[in-house]
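Along the sequence shown, residues are numbered consecutively beginning with 1.
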Amino acid sequence: MTDEREDVLDAMDWLLDSLEANDAVSYAEVGGVYQEKTDAVVTGDGPRSATEFTETGVWLRVFANGAADYRYTNSIDEESLTDVADRAIRSGEVLAQDQPGRFDAYTTHRATHGGWSEEGIESVDVDEKVAAVEAGFAAAADLDLDRRWANYVDAHIEEAVGTTTGSVIQTTLDRARVEFSLTLADGAKVRRHAGSTEGAAFLEEIPDAIESAAADARTLADADPVDVPSGETTVALSPQAAGQLFHFVSHYLEADADYMGMSPYEVGDRIGPETLSIEDTVHAGSFAARAYDAEVKPTAPTRLVSDGRVRRRLHNTTTAAEEDTYPSGNSVPSLGFTEPPRIHARHLDVDASDATAAGLEADADVYVERFKKPWLRDEFERVQRAGVFPASALYAKDIDDMTEDRPECGSAEFPLAEAYRLDDGERNGRVDGMFLEYTPDVLRSVSRIGDARGTVTGVCEKHKSQIPFAVTAPGLLLEAPIEKGT
């Protein structure tokens with residue numbers, strides 16, 4: 001074990017002992033993190049930057065006066081750790097949360113998990129990682145492009161977490177991702193994200209991911225812009241566009257979103273057809289995979305929707321105790337650990353049905369391959385989702401008590417990034433400058449679910465935390481308004 005690894009473990013142990021001896025602390029989790037990272041930017045002219053570096057740090061989540069606060073620091077000397085802990089305790093005490101949060105004082109976990117990589121991502125030289133991106137860009141050499149751009153990021157993460165109730169786990173995770181875009185000369189853009197926790201094996205997937213995007217860019221370039229009527233439209237969604245939509249909907253199944261008054265759905269509500277079934281799970285090697293969450297809870301699958309009805313919400317330990325249920329490992333750490341963990345889905349798995357892709361398109365007026373980032377209609381929801389929020393989930397109830405009813409929560413504009421007009425099931429021009437108007441009842445209009453599935457991955461921002469996610473979903477046929485963008 002290197003000195004840096006030993007130092008971060010010693011710092012974690014010291015801080016945990018200090019918090020256990022502090023009468024102001026009801027409960028605490030402390031994590032020691034050693035990371036070997038790569039960050040590279042590659043363009044059509046070659047690598048713009050490529051860096052490798054090591055980072056060590058300690059994070060802590062402290063319950064004081066019934067509220068939780070989270071901190072992360074790269075300064076792991078005893079004086080700095082004492083200062084960080086004192087500030088976390090004070091923040092918990094002054095939050096003045098109306099309802100004290102509960103924690104699990106009885107369940108103890110002791111485990112080690114080695115991750116899902118056969119070869120760690122840190123064992124591969126940065127030049128080889130850049131070469132994988134450049135090999136993908138070569139597949140787009142025939143395209144008339146204004147810009148090729150990619151950001152490759154990875155981290156080999158060794159983490160040890162202890163709690164004041166005696167849980168201790170050690171995990172290793174190799175998470176890598178590439179976000180890239182191909183901008184056509186006429187301004188249209190194909191943008192993609194690919195990610196994995198399979199270590200070095202992910203590098204073999206990058207050229208294929210970029211080549212697939214290049215094929216989509218060719219289709220987009222060959223299609224002339226056309227108009228489609230505004231208003232209620234029969235829309236076919238690709239598996240990837242459907243995955244983007246289901247990821248959006250999953251936010252309203254997060255317990256803290258419900259506590260804040262932002263969820264349009266109650267448990268038991270019908271949100272889709274009887275054939276709609278959604279599970280939040282953990283696939284080995286998935287970009288969003290983790291063996292344990294930030295609260296040292298094993299990550300377990302949970303059924304969110306079955307027969308088209310909401311069956312359960314996503315919980316951390318505190319909200320699960322509030323609702324007299326059990327957490328399933330949904331306190332997801334933020335990438336880099338600098339911001340608090342958040343209640344979030346890991347890898348959504350949506351069941352397929354029996355409609356072929358051709359069958360979905362045959363009955364539709366518009367086909368959507370991908371959406372851009374949705375724009376929330378409710379200003380309060382936009383501000384809260386993007387703003388700073390304490391690491392204490394029950395504080396959401398205090399916010400709800402201070403605000404009025406918000407009937408537009410759960411509604412958003414989904415700009416069409418790659419979409420086509422359909423005439424008798426055939427693509428007849430691309431649709432630019434329009435958006436799909438999503439309201440909470442749109443999924444109830446789904447008439448057919450596809451028989452083939454695809455996966456989308458990405459990074460979601462929730463209250464400044466950067467949360468990895470994945471969705472595997474089939475295509476859909478639904479009714480929704482299509483309107484011109486402003």
Side-chain angles (χ1 to χ4, degrees), residues 177-181 188-195 209 212-213 216-217 220 233 235-254 257 271-272 276 278-280 283 286-288 304-305 314 344-352 357 360-361 364 366-377 381-382 385-386 410-420 430-432 434-440 442-443 445-446 449-450 452-462 466-483 485:
R177 69 186 191 270
V178 60
E179 183 179 358
F180 60 94
S181 60
K189 180 184 291 188
V190 171
R191 186 169 185 169
R192 298 287 187 268
H193 180 284
S212 176
D216 290 338
L220 202 64
T233 306
V235 183
L237 302 184
S238 73
Q240 289 74 22
Q244 291 175 291
L245 190 64
F246 284 121
H247 168 247
F248 174 82
V249 171
S250 73
H251 290 319
Y252 301 104
L253 303 183
E254 297 162 357
I271 67 168
L276 180 62
I278 306 173
E279 183 176 277
D280 180 39
H283 291 300
S286 165
F287 177 61
L304 298 176
V305 176
L314 298 166
H344 200 279
R346 292 85 41 106
H347 191 137
L348 292 174
D349 196 305
V350 185
D351 285 357
L360 294 176
E361 293 184 38
V366 170
Y367 174 78
V368 180
E369 181 67 43
R370 300 270 179 158
F371 292 111
K372 297 178 184 178
K373 183 179 179 180
W375 183 81
L376 294 165
R377 284 191 172 276
E381 187 178 0
R382 288 199 305 274
R385 190 82 192 179
S411 298
E413 297 176 6
F414 277 78
L416 308 184
E418 300 164 45
Y420 302 89
R430 78 180 191 222
V431 180
D432 295 334
M434 302 193 78
F435 64 86
L436 182 147
E437 186 174 337
Y438 181 86
T439 55
V442 161
L443 283 181
S445 75
V446 170
I449 296 177
R453 304 195 302 168
T455 298
V456 289
T457 61
V459 178
C460 178
E461 181 175 307
K462 179 178 179 180
Q466 303 295 310
I467 307 298
F469 72 87
V471 186
T472 298
L476 300 175
L477 186 69
L478 53 77
E479 302 289 331
I482 297 287
E483 304 291 347

>> Contact between V350 and P474 at the side-chain level, heavy atoms closer than 4.5 Å - yes or no?
In response: yes

>> Let me confirm one number: the CD-NE2 distance from E279 to H347, rounded to the nearest 0.5 Å.
In response: 10.5 Å

>> Side chains of R177 and V459, heavy atoms from C-beta outward: is any pair under 4.5 Å?
In response: yes

>> Taking side chain to side chain contact (heavy atoms under 4.5 Å, CB included) as the definition, give me every residue that meets it alongside K372, ordered by chain and number, with sequence neighbours left out.
In response: P415, A417

>> Between T233 and L436, does the side-chain contact (heavy atoms from CB on, under 4.5 Å) criterion hold? Intermediate values first, please.
In response: CA-CA 9 Å; T233 306; L436 182 147; over 6 Å; no

> Does a side chain donor of either E254 or H251 reach within less than 3.5 Å of an acceptor in the other side chain?
Replying inline: yes

>> How close do F180 and A213 get, counting heavy atoms only, and between which atoms?
In response: CE1-CB, 3.5 Å

> Can you list the steps and then say if Y367 with L360 is a side-chain contact (heavy atoms from CB on, under 4.5 Å)?
Replying inline: CA-CA 9 Å; Y367 174 78; L360 294 176; over 6 Å; no

>> Show the nearest heavy-atom pair for residues P239 and G454, with the distance to one decimal.
In response: CB-N, 3.3 Å

> Just how far is it from atom OG1 of T472 to atom CD1 of I278, taken to the nearest 0.5 Å?
Replying inline: 12.5 Å

> When rounded to the nearest 0.5 angstrom, what is the spacing between OG in S238 and CD in Q244?
Replying inline: 7.5 Å

>> Which residue is it: D280, V249, D349? I am looking for the one with a side chain to side chain contact (heavy atoms under 4.5 Å, CB included) to L304.
In response: D280

>> Within the supplied structure, the quantity of interest is the number of heavy atoms (other residues, nucleotides, ligands) at a distance under 6.0 Å from R377 CZ; does it exceed 12?
In response: yes

>> Let me confirm one number: the CG-CD1 distance from D351 to I449, rounded to the nearest 0.5 Å.
In response: 8.5 Å

> Taking it one step at a time, do K462 and R385 satisfy side-chain contact (heavy atoms from CB on, under 4.5 Å)?
Replying inline: CA-CA 6 Å; K462 179 178 179 180; R385 190 82 192 179; 3.6 Å; yes

>> Apply ring-ring contact (aromatic ring centres under 6.0 Å, His included) to residues F371 and F248 and explain how you reach the verdict.
In response: CA-CA 11 Å; F371 292 111; F248 174 82; 9.9 Å; no

>> I need the minimum non-hydrogen distance between S250 and L348, along with the two atoms involved.
In response: CB-CD1, 3.6 Å

> Should the pair H344 and F469 be assigned to parallel (<30°), tilted (30 to 60°) or perpendicular (>60°) ring geometry?
Replying inline: tilted

> Tell me, do E461 and Q466 make a side-chain contact under 4.5 Å, heavy atoms counted?
Replying inline: yes

>> Tell me every residue that passes side-chain hydrogen bond (donor to acceptor under 3.5 Å, both in side chains) with E418, counting only those two or more places apart in sequence or in another chain.
In response: R192

> Sub-3.5 Å donor-acceptor pair from the side chain of E381 to the main-chain atoms of G410, do we have one?
Replying inline: yes

>> Quick check: closest heavy atoms across G458 and F287, and the distance to 0.1 Å?
In response: O-CE2, 3.2 Å

>> Distance check, rounded to the nearest 0.5 Å: S445 atom OG versus L478 atom CG?
In response: 4.5 Å

>> Is any side-chain heavy atom of R346 closer than 4.5 Å to one of H283?
In response: no

>> Whether the side chain of R382 engages the backbone of L376 through a donor-acceptor N/O pair (distance < 3.5 Å, no angle test) should be reported.
In response: yes

> Which atom names give the shortest non-hydrogen contact between A209 and A194, and what distance separates them?
Replying inline: CB-CB, 4.3 Å

> Taking all atoms of both residues into account, what is the closest heavy-atom pair of L476 and V446, and its distance?
Replying inline: CD2-CG1, 4.2 Å

>> I'd like to know whether R370 forms a side-chain contact (heavy atoms from CB on, under 4.5 Å) with V190, so could you lay out the CA-CA distance, the side-chain angles of the two residues, the decisive distance to 0.1 Å, and finally the verdict.
In response: CA-CA 9 Å; R370 300 270 179 158; V190 171; over 6 Å; no

> What is the distance from atom OG1 of T457 to atom NE2 of H193, rounded to the nearest 0.5 Å?
Replying inline: 4.5 Å

